[in-house]
Amino acid sequence: MRRLSEALAAHVATGETTLCRAWRVTCRDGFRLGFTEHDQRLVFDGTQFEPGTGFAATEASVASGLAAPGMEVRGGFSSEAISEADLAAGRFDGARVELFLVNWQAAGEQHALISVQEIGEVNRAGPGFSAELRSFAHRLQQP
C-alpha cells in the first residue's frame, strides 16, 4: 500500500478534494513527458504535466501472486509530444510510466506516486493509439 504525505492524507480526509491523476512517461533514451487529466498545467517533481492531451487510462486489472497486473492507456495525437511517427518507430516501447495522485491546488507539495509500470504493446488506430501498461512483474514471466 502506498503512503500519502500527511498534507495529502489530510486533504483526502476532508472529503472535499481537488484531486487528479498525472502520468510521467520516461523513454529509454531519457526523453520525458508529463500528462494530466486536470485542465491546467501542473508542475512538480521536476516535470511539467500538460493538460488536454486526450491521455486517459483504464482501471488496473487485479492480480494475485506473481501474476502481472496491467492496464491500458489511450490517447490521441492532439499532443505534439506523441507523434504517430515516434510510436511507429518504437520510441515509447518499454518506456517507464509513473502514475501520480495530485492535489492540483498544491501540486508541488501534495502528490503521491501510485504505481510504476512500463509500456508494452502499442496499437495505432486512426487518430489515436492505445498502449498496454505492464507491471514490472511481467518480466518474471519471460523465458
Side-chain angles (χ1 to χ4, degrees), residues 1-84 86-87 89-142:
M1 184 172 150
R2 302 283 179 189
R3 301 205 88 177
L4 303 180
S5 69
E6 285 186 33
L8 184 55
H11 176 71
V12 171
T14 67
E16 296 181 21
T17 63
T18 52
L19 299 175
C20 65
R21 292 182 292 186
W23 296 267
R24 178 168 46 207
V25 179
T26 305
C27 297
R28 292 176 298 172
D29 63 5
F31 179 66
R32 182 178 277 182
L33 297 169
F35 303 98
T36 181
E37 63 188 8
H38 185 54
D39 62 357
Q40 299 289 320
R41 174 183 294 147
L42 302 176
V43 179
F44 63 88
D45 202 27
T47 303
Q48 288 188 33
F49 296 83
E50 299 296 332
T53 60
F55 195 77
T58 64
E59 293 300 318
S61 62
V62 177
S64 61
L66 291 178
M71 61 190 300
E72 183 177 80
V73 292
R74 293 189 179 117
F77 297 115
S78 61
S79 169
E80 292 180 11
I82 298 179
S83 71
E84 188 170 5
D86 281 344
L87 286 176
R91 184 172 196 189
F92 293 93
D93 294 355
R96 175 186 173 105
V97 178
E98 298 164 288
L99 171 62
F100 294 89
L101 180 65
V102 184
N103 174 358
W104 53 263
Q105 287 186 328
E109 300 82 36
Q110 295 183 28
H111 58 271
L113 179 62
I114 301 300
S115 70
V116 179
Q117 297 178 307
E118 68 180 25
I119 294 179
E121 185 175 341
V122 177
N123 295 302
R124 295 179 318 279
F129 65 92
S130 65
E132 173 189 30
L133 293 182
R134 299 175 178 164
S135 76
F136 289 103
H138 87 277
R139 293 181 183 177
L140 298 174
Q141 298 172 351
Q142 303 296 316

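For reference, positions follow the sequence shown, starting with 1. In this text the structure is predicted, and so the values were computed from the model without any measurement.
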Next item on the list: Return each pair, listed once, that meets salt bridge (charged side-chain N to carboxylate O under 4.0 Å, His left out) where at least one residue sits in residues 97-106; pairs must be two or more places apart or across chains.
Entry: Arg24-Glu98, Arg96-Glu98

Margin query: Which label fits Phe100 and His111: parallel for a plane angle under 30°, tilted from 30 to 60°, or perpendicular past 60°?
Written below: perpendicular

Item checked: Where Leu4 and Ala112 come nearest, the two heavy atoms and their spacing -> CD2-CB, 3.5 Å

Next item on the list: Taking all heavy atoms of Cys27 and all of Ala95, pick out the closest pair and write down the distance.
Entry: CA-CB, 3.9 Å

Item checked: Nearest-0.5 Å distance that lies between atom CG in Leu33 and atom CZ in Phe35 -> 4.5 Å

Item checked: Nearest heavy-atom neighbours spanning Gly94 and Arg28 -> O-CG, 4.0 Å

Notebook entry, point to check: Which heavy-atom pair separates Phe44 from Ala107 by the least distance, and what is that distance?
Noted result: CB-O, 3.5 Å

Next item on the list: Could you tell me which residues satisfy side chain to side chain contact (heavy atoms under 4.5 Å, CB included) with Gln105, sequence neighbours excluded, listed by chain and number?
Entry: Thr18, Asn103

Next item on the list: Say whether, by atom type as modelled, one donor and one acceptor occur between the side chain of Thr36 and the main chain of Arg21 under 3.5 angstrom.
Entry: yes

Notebook entry, point to check: What are the two closest non-hydrogen atoms of Thr47 and Gly34, and how far apart are they?
Noted result: CG2-CA, 4.1 Å

Next item on the list: Mind checking side chain to side chain donor-acceptor pair (under 3.5 Å) for Arg41 and listing every partner two or more places apart, or none if nothing turns up?
Entry: Gln48, Glu50

Notebook entry, point to check: With sequence neighbours left out, what residues match Phe92 under ring pair (Phe, Tyr, Trp, His ring centres under 6.0 Å)?
Noted result: none

Check: Mind checking what makes side chain to side chain contact (heavy atoms under 4.5 Å, CB included) contact with Leu101, not counting sequence neighbours?
Finding: Leu19, Ile114

Next item on the list: Apply side chain to side chain contact (heavy atoms under 4.5 Å, CB included) to Ala10 and list each qualifying residue two or more places apart in sequence or on a separate chain.
Entry: none

Margin query: Quick check for you: to the nearest 0.5 Å, what is the distance between Leu42 atom CG and Glu37 atom CD?
Written below: 10.0 Å

Item checked: Residues in side chain to side chain donor-acceptor pair (under 3.5 Å) contact with Asp93, at least two apart in sequence or another chain -> none

